[in-house]
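Whatever order the structure lists them in is the order used to number ligands and atoms, beginning at 1. All values reported here derive from a predicted model rather than from experimental measurement.
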Amino acid sequence: MRVGLLTGGGDCPGLNAVIRAVVRTGASRYGHEHLGILHGWRGILEAGETRPLDRGTVGGILHLGGTILRSSRTNPYSREGGPELVVENAKKLGLDALVAIGGEDTLGVANRLHADFGFPVVGVPKTIDNDLSGTDYTFGFWTAVQIAVEAIDRLHTTADSHDRVMVVEVMGRHAGWIALESGLAGGADAILIPEVPTAVERVAELINQREAQGRHFSIVVVSEGVQFTDSEVDTTDLDEFGHVNLANIDVGDYLARRIRELTGKEARAVVLGHTQRGGTPLAFDRALATRFGVHAADMVASGSFGRMAAVRGDRVIDVPLAEAVGTLKTVPPELFRDAEPFLG
Ligand code: F6P
């Protein structure tokens, strides 16, 4: 079989580990040939660059962040005749199967291509946001959490020295997983996530309470997609997949300014941004990504198309793509309640 691989959406630590695992497993177990499609769906839509992948080309990449196949946020379904062109170009490239490594958007396209054309695609769940259904974890998530925790640890000492409030804005889009786990592990004094809309005034109250108790600094971890009950966030600027462009909203800066106004304390915002997606994956993510890649190669060999590799407990399984992209996996309220004793 000739198997294509592509990586789409925001990059994420562990992508190269998946690529390596698919290629090594497919070649050694099944004699598959592999072709890397560069720049995600854009690469196949525009019949762009490709590169052959074999044991040599995937050597030495296990620990590397980013993706040797590069990425894009192109949505073939947002272009007239786009999906048909993807199918046609895949045929021209002689592909018998495609492994799509991506998040909600990339795998959403994979799911539609499979439903509309019976396109032979297998998905691998990637995103630092951890918001894909059907899997306990996506690889890259715990690396992003660790990066955020290291930043929070550093911000603690400087916040303490200056009696300041440090607002730490983390990624996660409309799911608060990164904020919740990094806030718990970093000992945040307030954690704000999209699933639990909060009033800015409540955050100010919490900081004032701490002040009265002699705790003159506070760490506030805020998820970029947070909603405040006492102010409006502009949601009109959308990307190709119809998502709000959160990068243009500056929620951390807004919150720091409001905290200054409401408490009279010095407050600074730190936006961790793409730092959370860069660099080397943690051991957990390398191992998970590798297992996903092995499973994806097995799925290709057994013709399990329209499905995605997933992890449940300590087992790697596969689930229908439709299940994975149907609804966003957000933080359940009971999990957030576990954080409450530590806030304030
Ligand atoms: O989905 C991953 C993610 O890092 C989100 O957490 C974030 O909102 C978005 O991608 C940022 O996208 P971009 O790299 O296009 O700015």
Review item, side-chain donor-acceptor pairs of residues 287-296, under 3.5 Å, at least two apart:
{"from": "Thr290", "atom 1": "OG1", "to": "Arg286", "atom 2": "O", "distance (Å)": "2.7"}
{"from": "His295", "atom 1": "NE2", "to": "Ile317", "atom 2": "O", "distance (Å)": "3.4"}
{"from": "His295", "atom 1": "NE2", "to": "Asp318", "atom 2": "OD2", "distance (Å)": "2.7"}

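- Protein residues with a heavy atom closer than 4.0 Å to ligand 1 are Arg73, Ile128, Asp129, Met171, Gly172, Arg173, Glu224, His274, Arg277, listed by chain and number.
- In this structure, Glu211 does not pair ionically with Arg215, as no charged nitrogen and carboxylate oxygen lie closer than 4.0 Å.
- Ring-centre distance between Phe305 and Phe119: not below the 6.0 Å cut-off.
- For Glu150 and Gln146, the side-chain atoms include at least one donor-acceptor pair closer than 3.5 Å.
- His243 and Asp105 are linked by a side-chain donor-acceptor pair at a separation below 3.5 angstrom, with hydrogens and angles left out of the test.
- Note: His32 and His34 have perpendicular aromatic rings, judged against thresholds of 30 and 60 degrees for the angle between ring planes.
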